[in-house]
Number of protein chains: 2
Amino acid sequence: MNLETDDVRQNEGRTRELDAFDRKLLGLLVEDATRSYAELGEQVGLSAPAVHERVKRLKRTGAIHQTAALINPIAVQKTLLAFVHVDTAGWGKTPELLGIAKYPEVEEIHSVAGDTCMLLKVRTKDSRALEGLLARIYDVPGVIKTRSYVVLSTHMERPVQPAITTEWPAPRLPSQR
Amino acid sequence: MNLETDDVRQNEGRTRELDAFDRKLLGLLVEDATRSYAELGEQVGLSAPAVHERVKRLKRTGAIHQTAALINPIAVQKTLLAFVHVDTAGWGKTPELLGIAKYPEVEEIHSVAGDTCMLLKVRTKDSRALEGLLARIYDVPGVIKTRSYVVLSTHMERPVQPAITTEWPAPRLPSQR
DNA sequence: CATATTGGCCGAATCTTATTCGGTCACAAG
DNA sequence: CTTGTGACCGAATAAGATTCGGCCAATATG
């Protein structure tokens with residue numbers, strides 16, 4: 001592969017408004033990133049080189065930040081999914097807490113508004129492993145308590161979708177209740 | 001592309017234990033699914049055709065269920081991320097509630113143990129859109145109330161990792177606290 | 001108004017990579 | 001011991017990615 005080719009990472013800042021073609025391409029690629037440029041072109045009505053050019057730009061500008069294989073948690077022995085709310089004394093966004101990112105069972109770490117400080121999405125082999133992870137979380141200075149929501153079943157889980165609902169249907173009126 | 005070629009979807013059931021090569025390949029592909037088979041082979045110590053064979057099997061057996069472009073929420077105008085806990089009267093897993101899956105801002109729907117019935121991960125354009133979505137959730141018969149945790153900042157967010165922590169370091173002993 | 005300049009598209013090469021195809025080897029069952 | 005079976009490899013082939021030159025429209029420029 002040539003150097004200078006496909007250099008992602010440059011011009012991260014550009015956000016030159018996505019047009020209809022870009023949106024469609026994003027939709028198709030989120031669904032299946034293995035499609036050929038020829039097929040993509042056919043779907044959106046462009047030639048393969050034109051699609052290639054656009055996809056390259058989407059990557060360059062960061063609209064697409066990664067192309068990943070999504071794996072089945074069961075296949076890799078991660079049967080337990082849980083969301084852990086962490087209350088901390090003071091400002092929870094400490095390097096120590098972020099340090100738990102080193103464990104591959106931690107998938108997300110967010111600071112949230114509401115009665116908790118941090119929210120974690122974790123996926124472990126079993127409850128034993130969740131316990132091990134929670135123990136490590138409690139080790140972090142400033143952690144007051146945690147509340148874990150163990151997932152019983154997942155009805156849907158998908159990557160960020162490019163589509164946006166522009167018109168929210170009116171809720172049923174109170175009189176109709 | 002040939003028919004009969006690359007038919008994923010068959011033999012979903014097979015879970016013939018993943019070996020070290022498979023794990024390494026999964027790790028590499030989760031990180032970047034655009035790598036060539038030659039490069040993958042170099043990394044794990046196999047020839048390109050051998051890698052191809054294994055990756056095909058990983059897809060066939062469902063260990064890899066999708067290859068997706070992961071997109072930057074900001075690029076598609078989805079600035080607001082929130083986790084919504086939904087309390088329902090009775091068993092919340094109704095078709096009506098699952099019906100909200102049709103909105104592209106809904107990324108996850110789980111049934112959870114704990115004081116709530118369902119947990120949603122949603123990503124919207126702004127708080128206005130979150131309101132619109134919540135209105136639709138309240139429309140579902142049986143929904144008692146919701147609690148939303150709005151994300152202020154995301155410190156980490158990544159796909160399912162194949163690695164597993166086998167030995168959890170011992171927590172600090174109480175005497176050391 | 002005439003004319004550069006730019007950006008984006010296309011078809012036609014070209015080159016890289018995926019995929020297929022024997023053939024070999026190790027291991028296990030008969 | 002012989003026969004399968006599964007997985008590997010190198011080489012050959014096919015498919016797809018990437019590059020290239022030219023074209024065209026929209027927009028600046030003199």
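Each chain gets a letter, A, B and so on, in the order the sequences are listed, and its residues count up from 1.
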Practice problem: Rounded off to whole Å, could you give me the NE2-to-P distance for the A:His52 and D:dT18 pair? | Solution: 4 Å

Between protein and nucleotides 9-13 of chain C, what N or O pairs are separated by less than 3.5 Å?
unit_1: C:dC9; atom_1: OP1; unit_2: A:Arg54; atom_2: NE; d: 2.9
unit_1: C:dC9; atom_1: OP1; unit_2: A:Arg54; atom_2: NH2; d: 2.8
unit_1: C:dC10; atom_1: OP1; unit_2: A:Ser47; atom_2: N; d: 3.4
unit_1: C:dC10; atom_1: OP2; unit_2: A:Ser47; atom_2: N; d: 2.7
unit_1: C:dC10; atom_1: OP2; unit_2: A:Ser47; atom_2: OG; d: 2.5

Quiz prompt | Donor-acceptor pair, side chain of B:Lys78 and main chain of A:Ala163, under 3.5 angstrom | solution = yes

Self-check item: Which residues share a ring-ring contact (aromatic ring centres under 6.0 Å, His included) with B:His110, sequence neighbours left out
Solution: A:Phe83

Self-check item: Nucleotide C:dT19, atom P - distance to NZ of B:Lys56 in whole Å
Solution: 8 Å

Quiz item: In whole Å, what is the span from the CD atom of A:Glu39 to the P atom of D:dA17?
Solution: 10 Å

Quiz item: Starting at CZ of B:Arg60 and ending at P of C:dT19, how long is that distance when rounded to a whole Å?
Solution: 14 Å

Practice problem: Using a cut-off of strictly less than 4.0 Å, decide whether A:Arg57 has a side-chain nitrogen or oxygen near OP1 or OP2 of C:dG8. | Solution: yes

Quiz item: A:Tyr37 has an atom OH; how far is it from atom C1' of D:dT19, in whole Å?
Solution: 13 Å

Quiz item: Got a sec: does the CZ of B:Arg147 have more than 12 other heavy atoms crowding it under 6.0 Å?
Solution: yes

Practice problem: Write down the distance between CG (A:Asp22) and C1' (C:dG8), rounded to a whole number of angstrom. | Solution: 12 Å

Quiz item: Rounding to a whole Å, what distance do you find between A:Leu40:CG and D:dA17:P?
Solution: 8 Å

Practice problem: Identify whether the distance between the nearest side-chain nitrogen and carboxylate oxygen of B:Asp19 and B:Lys24 falls below 4.0 Å. | Solution: no

Quiz prompt | Atom pair distance, as rounded to whole Å: CD in B:Glu17 and P in D:dG6 | solution = 18 Å

Practice problem: Specify the closest pair of heavy atoms between B:Met156 and A:Ala101, including all atoms of both residues, with the distance to one decimal. | Solution: SD-CB, 3.6 Å

Quiz item: For A:Asp126, which residues count as a side-chain hydrogen bond (donor to acceptor under 3.5 Å, both in side chains) partner, sequence neighbours excluded?
Solution: none

